[in-house]
Structure formats: structure tokens, C-alpha cells
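Data first, discussion second: the structure below is written as C-alpha cells.
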Amino acid sequence: MAKVIVIYYSRTGNTKKMAELVVEGIKKEEVETVLKDVKDVDADELLKYDALVIGSPTYYGTMSSEIKKLLDDSVKFHGRLEGKVGAAFASSANVAGGNETTILDILNAMLIHGMIIQGDPQGDHYGAVAIGAPDARATKECVRLGSRVARLVKEISG
Ligand SMILES: Cc1cc2nc3c(=O)[nH]c(=O)nc-3n(C[C@H](O)[C@H](O)[C@H](O)COP(=O)(O)O)c2cc1C
């Protein structure tokens with residue numbers, strides 16, 4: 001059975017709330033999922049999952065150093081994450097504060113791993129974003145992201 005890990009870093013709780021909503025979306029599609037704080041994730045375990053969804057607050061327009069460290073540690077498995085589904089989400093304080101650049105930086109690493117990324121023509125195009133704590137719009141986008149990832153994983157893993 002397909003399994004998705006949702007990984008987040010969160011200092012003040014906003015990205016964590018987003019992660020919980022992404023999990024809700026994955027569960028709606030009846031796909032197995034695990035939610036983890038990045039401090040409890042070892043790069044070795046990334047191999048176990050069919051999809052990785054990673055969320056970070058925006059720090060100076062990019063991901064937090066904790067998320068970057070996990071991605072850098074994943075070099076150990078370079079080539080072995082190929083074909084897994086990837087997705088990202090981000091929280092910032094300001095509109096145009098860098099959420100999309102943060103997401104794209106995470107997706108960039110995933111693409112280098114050979115992972116499969118699906119954009120969204122209707123919802124948040126690159127991945128779900130929130131300004132501060134997720135409001136009603138961001139809540140919908142996080143759940144939507146989770147459901148879309150889960151549906152893609154089901155399609156790919158047959
Ligand atoms: C070191 C640092 C850098 C930040 N840089 C930005 C930034 O570039 N743009 C922005 O809009 N918010 C920035 N923020 C605000 C956080 O992205 C925002 O408060 C976010 O919602 C925090 O998420 P969290 O509650 O999951 O920790 C920064 C915060 C910190 C601590």
C-alpha cells in the first residue's frame with residue numbers, strides 16, 4: 001500500500017498546522033500517511049515512502065536550515081528517490097514574502113532527485129501557501145494539496 005510522509009519544520013506553529021491539514025487531505029483519499037517534525041526524521045527513512053511532502057516557514061525567501069539539512073543529508077540516497085512523488089508548502093509573514101521561492105527551492109531539490117512533481121492549474125500553483133496561521137483559503141489549499149498528492153501516488157503505484 002502506498003505511503004506518504006509529511007515533514008515540516010515550525011517554530012511558531014503555522015507550518016505545523018498546514019502539515020496537519022495536508023495530512024487530512026491525504027487521509028480523505030484513504031492513503032496511508034505519517035506526519036513528522038523534521039527533527040524526528042532521518043534521511044534514511046525517506047526511502048520507505050512513495051511520496052514526500054515537505055513544509056517550511058519562509059526564512060529570508062527560502063526554507064529553514066533544518067529542512068535544508070534534511071535535503072542535504074538525502075544526498076546519501078542520490079538516485080534512489082527517483083520516481084517518488086514530491087510536493088511542498090510554505091508559510092510566511094507577508095504576502096509576497098517569499099512563499100513561492102521557498103516552495104520552488106524545495107521542489108528544486110526534489111527534481112534533482114528525479115522525483116515527480118505535479119503543479120496545480122486551479123489551486124495554489126506550486127504548493128499550498130499561508131500568510132501566518134492558515135486561514136480558510138489556505139486551509140482549503142493544504143487539504144487540496146494532500147488529496148492531489150495522494151491521488152497521484154495511487155495512480156502511479158497502480
Ligand atoms: C529568521 C526568519 C526569517 C524570516 N523571513 C521571512 C521572509 O523572508 N518573508 C516573510 O514573509 N516572513 C519571514 N519570516 C516569518 C515566518 O516565515 C512566518 O512567521 C511563518 O509563518 C513562521 O512559520 P512557523 O509558525 O511554522 O514557524 C521569517 C521569520 C524568521 C524567524
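Whatever order the structure lists them in is the order used to number ligands and atoms, beginning at 1.
Close approach of ligand 1 to Thr15 is summarised as follows: ligand atoms under 4.0 Å from at least one heavy atom of the residue are 23 (O), 24 (P), 26 (O). The atoms of ligand 1 that sit less than 4.0 Å from any heavy atom of Tyr60 are 3 (C), 4 (C), 5 (N), 6 (C), 7 (C), 8 (O). Those atoms of ligand 1 that come under 4.0 Å of a heavy atom in Asn94, given as number and element, are 10 (C), 11 (O). Heavy-atom proximity to Arg11, at under 4.0 Å, picks out these atoms of ligand 1: 24 (P), 26 (O), 27 (O), 31 (C). Proximity to Ser10 (heavy-atom distance under 4.0 Å) selects the following atoms of ligand 1: 24 (P), 25 (O), 26 (O), 27 (O).
There is a side-chain donor-acceptor pair under 3.5 Å between Asp105 and Thr62. Defined by atom type and a distance below 3.5 Å, a donor-acceptor pair is missing between the side-chain atoms of Ser92 and Thr58.
In terms of protein heavy-atom proximity, atom 25 (O) of ligand 1 is closest to Thr12 OG1, 2.4 Å. Scanning the protein heavy atoms around atom 2 (C) of ligand 1, the nearest turns out to be Tyr59 CD2, 3.5 Å. Ranking the protein heavy atoms by distance from atom 16 (C) of ligand 1 puts Thr58 O, 3.7 Å first. Protein heavy atom closest to atom 12 (N) of ligand 1, with residue, atom name and distance, is Ala93 N, 3.2 Å. Protein heavy atom nearest atom 23 (O) of ligand 1, with residue, atom name and distance: Pro57 CB, 3.4 Å.
Listed here is the closest heavy atom pair of Leu71 and Ala109: CD1-CB, 3.9 Å.
Heavy-atom distances between Gly98 and ligand 1 stay at or above 4.0 Å for every pair.
Ligand 1 has a nitrogen or oxygen under 3.5 angstrom from a nitrogen or oxygen of Ser91. Inclusion of Tyr9 in the set of residues having an N or O under 3.5 Å from an N or O of ligand 1 is not warranted. Between Gly97 and ligand 1, a contact under 3.5 Å exists for at least one N or O pair. The distance criterion of under 3.5 Å between nitrogen or oxygen atoms is met by Gly61 with respect to ligand 1.
For the pair Ile7/Leu46, a side-chain contact is recorded, criterion being any heavy-atom separation below 4.5 Å from C-beta on.
Ring pair Tyr59/Tyr9 is perpendicular by interplanar angle, where above 60° counts as perpendicular and below 30° as parallel.
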Run the side-chain contact (heavy atoms from CB on, under 4.5 Å) test on Glu66 and Leu70 for me, step by step, so that the C-alpha distance in whole Å, both residues' side-chain angles and the decisive distance to 0.1 Å come before the verdict.
CA-CA 7 Å; Glu66 291 79 358; Leu70 175 68; over 6 Å; no

Can you check side-chain contact (heavy atoms from CB on, under 4.5 Å) on Phe89 and Leu21, steps first, answer last?
CA-CA 11 Å; Phe89 56 95; Leu21 292 162; over 6 Å; no

Decide salt bridge (Lys or Arg N to Asp or Glu O under 4.0 Å) for Lys154 and Asp50; before the verdict, give the C-alpha distance in whole Å, the side-chain angles of both, and the deciding distance to 0.1 Å.
CA-CA 10 Å; Lys154 282 197 282 191; Asp50 303 286; over 6 Å; no

Evaluate the side-chain contact (heavy atoms from CB on, under 4.5 Å) criterion for residues Ile131 and Asn99: first the C-alpha distance (whole Å), next the side-chain angles of each, then the deciding distance (0.1 Å), finally the verdict.
CA-CA 9 Å; Ile131 311 303; Asn99 271 331; 3.8 Å; yes

Is there a salt bridge (Lys or Arg N to Asp or Glu O under 4.0 Å) between Lys16 and Asp37 once you walk through the steps?
CA-CA 8 Å; Lys16 183 178 183 188; Asp37 187 317; over 6 Å; no

